[in-house]
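Here, residue 1 is the first one in the sequence, and each next residue gets the next number.
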Amino acid sequence: MSGPSTIVGVDVGGTFTDLAFFDEATRRFSTAKVPSNRGDEAVGFIDGLKQLGPIARLGSIVHGTTVGTNALLERKGAKIGVITTPGFRDALEMRRRDRPHTWGLWGDFTPIATREFRLEVPERTLADGTIREAVDTAAVLAACRELLAKGAEALAIVFINSYANAANERAAYAAARTLWPNEHVTHSAQILPEFREFERTSTVALNAYLQPVVASYLGKLEKGLAEEAFDGSFHIVQSNGGIMSTALARRFPVRTALSGPAAGVIAAAAIAKAAGYPDIITADLGGTSFDVSVVANGEAALAAQTTIDFGLIVRTPMIEITTIGAGGGSIAHVDQSGFLSVGPESAGSRPGPVAYGQGNTRPTLTDANIVLGRINAGKPIGGKLERLDVAAARAAIGQSIGEPLGLSPEAAAEAIIRVANARMAGAIRLVSVERGHDPAKFTAVPFGGGGALHVGALLAEVGLKAALVPRYPGITSALGCIIADARHDQVSTLNLMLEGLDGAALGKRMAEAGAEAHAIVAGSGLTVERIDVLYELDMHYQGQTHTVSVPLPVAMGEPVTEDIVRAAFETAYAQAFSRLLPGIPVRIVNLRTAAVGRRPVFDMAALAPEASANVGKAFLGRRPVWFAGAWQEAGIWDRLALPVGALVKGPAILEQGDATTVLDPGLKATVDVLGNLIVERA
């Protein structure tokens, strides 16, 4: 295992750190899984790499991280200051005048920068880019001194209308950098030169909020790698499913907010497409959350704007992922009304489920699967424990759930799983039915450590036509790190009418934006086969608030005309709304540019079963497993020993080092040529 052809994908989750290793020269693929170390995730990162061999001999490492996500959700980012235009100090707090609880007049919200950390300085730029009042740099320096005295660790500079002309903002940034003691200074034109003052302010403030956290984390990783004499390339997965350098990750940490889950979607889409399933719904069940996403025609959907939590708006391209707190470590409890709930609180990796014996006494979803025999207590994943404590898990479920509800421990465990399944099904309906997709036309791709445990419920409760369980479901997100392309997205506001469009002027703007994005990807240090530059316009009919994304069928440097743009707009609008609005003028709002560095395509055949595999060696025997209110004898299989074409009928349990697949009675699974399990109703 040596040389630049070796690449490792590392996904640090809330419970486990997953690693996928691939040697492009020998086509050898291997995996590792170690417990995450919450609070110091770098420890699990380095420990996992050591399991794969000498770190110094690795060629490339690509990392999907949840450090930014956790910092946002847990409000554990840096103390930040905001400098803005007079009159706009409270944009972060006013938001869009929305409420935490739609149907009530109650709730509270604390912005990430409280009012005493949001200061105004004299400046004014008009919407057309005219500078009415130049920025007072002396006031900027005074504001910096005040914020530093109050303990600010990072600074965000956001001036109204800087998307039209960033001169004042750049001058303020230059002044602040002369005084600010670290590199954590951001101005909005660097991050989001787009109109919509709240969304721009929120995105830039969140970027500053994450800068010290992500920079410190990356620093620990790089120090640990240096101590192991690693001198290869190190890159980070972005929320858009692309890869960027660690230098860019330090500048734009907000783009890593959904890094790990995005890598999982990229891998699931690639696996399913190679297997002949272009339309899928991904179902990533980890230790702390359940993430779902729709992939149609082999392409993951990108959202221009994402809500991480109430009031925390990020307007930068991200794969559309819906997350709920229903992971394997989610704690089950009976609330004051006597109803059983699962999550969102999680036991994480420490203390973990009750059966892990690390001090937790409250039952989790994993404990329920252990008590019902679905997880083999003698083969815990992660490699740190020899055996799970079934008796402790059974006692905890009986005391916390069974006694209040008048159920046996087994019935209570089944109730926990049914409640969790209902929550997962609701999340899948949210991204499918409520967005106009027919679930019967989609295939589920369950992955993560626990996704395949619930494959039967996904088929039964949502009505999906089938399920594809990847060869290594527990490390799918780590695999996504290996196969993801390099990518850089940027946006700029145009605010042009389509009628009478100056195609030459628009083409010039596009060429400049494309060249800038192309240069960033080219300088990322990743080996790519080619760099594609893609363009989209945000457009709408005049008078509308929301826009549609309009892909332009032109490459960088090709001419663009009013007719080309109009035809593209009418196609996109008709697809979105099934009709056009003739006679109403059309406006071009934003230009979006993406440079995508296409990496060598990962051949999924590297994951296929060995030719020597046979069914006889794969069958391990039988054991009682609880299904539908009773114990039933289920066949136990070594999943990775099954040959291509093998057929397994439920009830059955398929075990492997990174995950367990449960086949309920009435289901069957077939091993395809790439080693995936195709699960269908018998």
Side-chain angles (χ1 to χ4, degrees), residues 7-22 29-38 40-52 58 60-70 214 217-218 221 224-225 234-244 246 249 255-271 282-291 293 300 318-319 321 323 327-329 348-349 381-383 445-452 470-485 602 607 657-659:
I7 181 170
V8 176
V10 186
D11 173 51
V12 177
T15 303
F16 287 104
T17 294
D18 304 320
L19 302 97
F21 167 84
F22 183 61
F29 182 85
S30 59
T31 69
K33 198 176 190 78
V34 299
S36 295
N37 191 344
R38 286 301 295 271
D40 191 359
E41 287 81 357
V43 173
F45 180 95
I46 299 297
D47 286 348
L49 288 174
K50 288 179 178 178
Q51 286 203 6
L52 297 173
L58 297 175
S60 178
I61 298 172
V62 182
H63 178 26
T65 174
T66 57
V67 168
T69 314
N70 294 337
V214 172
Y217 173 65
L218 292 178
L221 294 184
L225 292 173
F234 180 33
H235 291 81
I236 303 297
V237 178
Q238 303 177 68
S239 303
N240 61 15
I243 295 172
M244 64 179 171
T246 54
R255 296 183 180 179
T256 70
L258 292 177
S259 170
V265 175
I266 291 298
I271 291 168
T282 68
D284 179 4
L285 181 64
T288 56
S289 65
F290 179 67
D291 305 320
S293 184
M318 294 188 182
I319 290 179
I321 298 172
T323 300
S349 57
I381 63 175
V445 180
F447 60 95
R471 175 77 165 164
Y472 297 97
I475 55 89
T476 299
S477 291
L479 177 62
C481 298
I482 289 179
I483 66 179
D485 291 323
F602 182 84
L607 311 182
D658 60 295

Stepwise, does the side-chain contact (heavy atoms from CB on, under 4.5 Å) test hold for I271 with V445? CA-CA 9 Å; I271 291 168; V445 180; 5.9 Å; no
Kindly give the heavy-atom pair with the smallest separation between G448 and D284, and that separation in Å. CA-OD1, 3.6 Å
V237 vs V62 side-chain heavy atoms within contact, under 4.5 Å: yes
Evaluate I243 against H235 for side-chain contact (heavy atoms from CB on, under 4.5 Å), listing each step before the verdict. CA-CA 6 Å; I243 295 172; H235 291 81; 3.3 Å; yes
Identify the heavy atoms of I319 and S293 that sit nearest to each other, and give their distance. CG2-OG, 3.9 Å
Residue pair P473 / D658, side-chain heavy-atom distance below 4.5 Å: yes
A263 to S477 - nearest heavy-atom pair and separation: CB-O, 3.4 Å
Using 0.5 Å steps for rounding, measure from the CD1 atom of I61 to the CD1 atom of I482. 11.5 Å
Out of curiosity, I266 CD1 to I483 CD1, how far, rounded to the nearest 0.5 Å? 7.5 Å
Straight-line distance of L258 CG to N240 CG, nearest 0.5 Å: 10.5 Å
Note, V265 side chain near I321 side chain (heavy atom, < 4.5 Å): yes
Run Y217 and T65 through side-chain contact (heavy atoms from CB on, under 4.5 Å) and show every step you take. CA-CA 10 Å; Y217 173 65; T65 174; 3.7 Å; yes
Kindly say whether I7 contributes a backbone atom to a donor-acceptor pair with the side chain of S60 at under 3.5 angstrom? no
With T17 as reference, evaluate L49, I46, V10, I475 under the side chain to side chain contact (heavy atoms under 4.5 Å, CB included) test and give the passing residue. V10
Test F447 against Y472 for ring-ring contact (aromatic ring centres under 6.0 Å, His included), laying out the working first. CA-CA 8 Å; F447 60 95; Y472 297 97; over 10 Å; no
So which atom in L52 and which in S30 form the shortest heavy-atom distance, rounded to 0.1 Å? CD2-OG, 4.0 Å
Once you measure the plane-to-plane angle for F234 and H63, does it fall in the parallel (<30°), tilted (30-60°) or perpendicular (>60°) bin? parallel
Smallest heavy-atom separation, G64 atom then S259 atom, equals CA-OG, 3.3 Å
Check whether any side-chain heavy atom of L479 lies under 4.5 Å from a side-chain heavy atom of L607, and answer yes or no. yes
For the student: nearest non-hydrogen atoms of Q238 and A262, plus distance: O-CB, 3.7 Å
With a 4.0 Å cut-off, would you call D18 and K33 a salt bridge? yes
So do L225 and F45 actually touch side chain to side chain, heavy atoms under 4.5 Å? yes
F22 vs F602, test: ring-ring contact (aromatic ring centres under 6.0 Å, His included). Steps then yes/no. CA-CA 10 Å; F22 183 61; F602 182 84; 4.8 Å; yes
Can you list everything that forms a side chain to side chain contact (heavy atoms under 4.5 Å, CB included) with S289? Sequence neighbours excluded, please. D291, T323
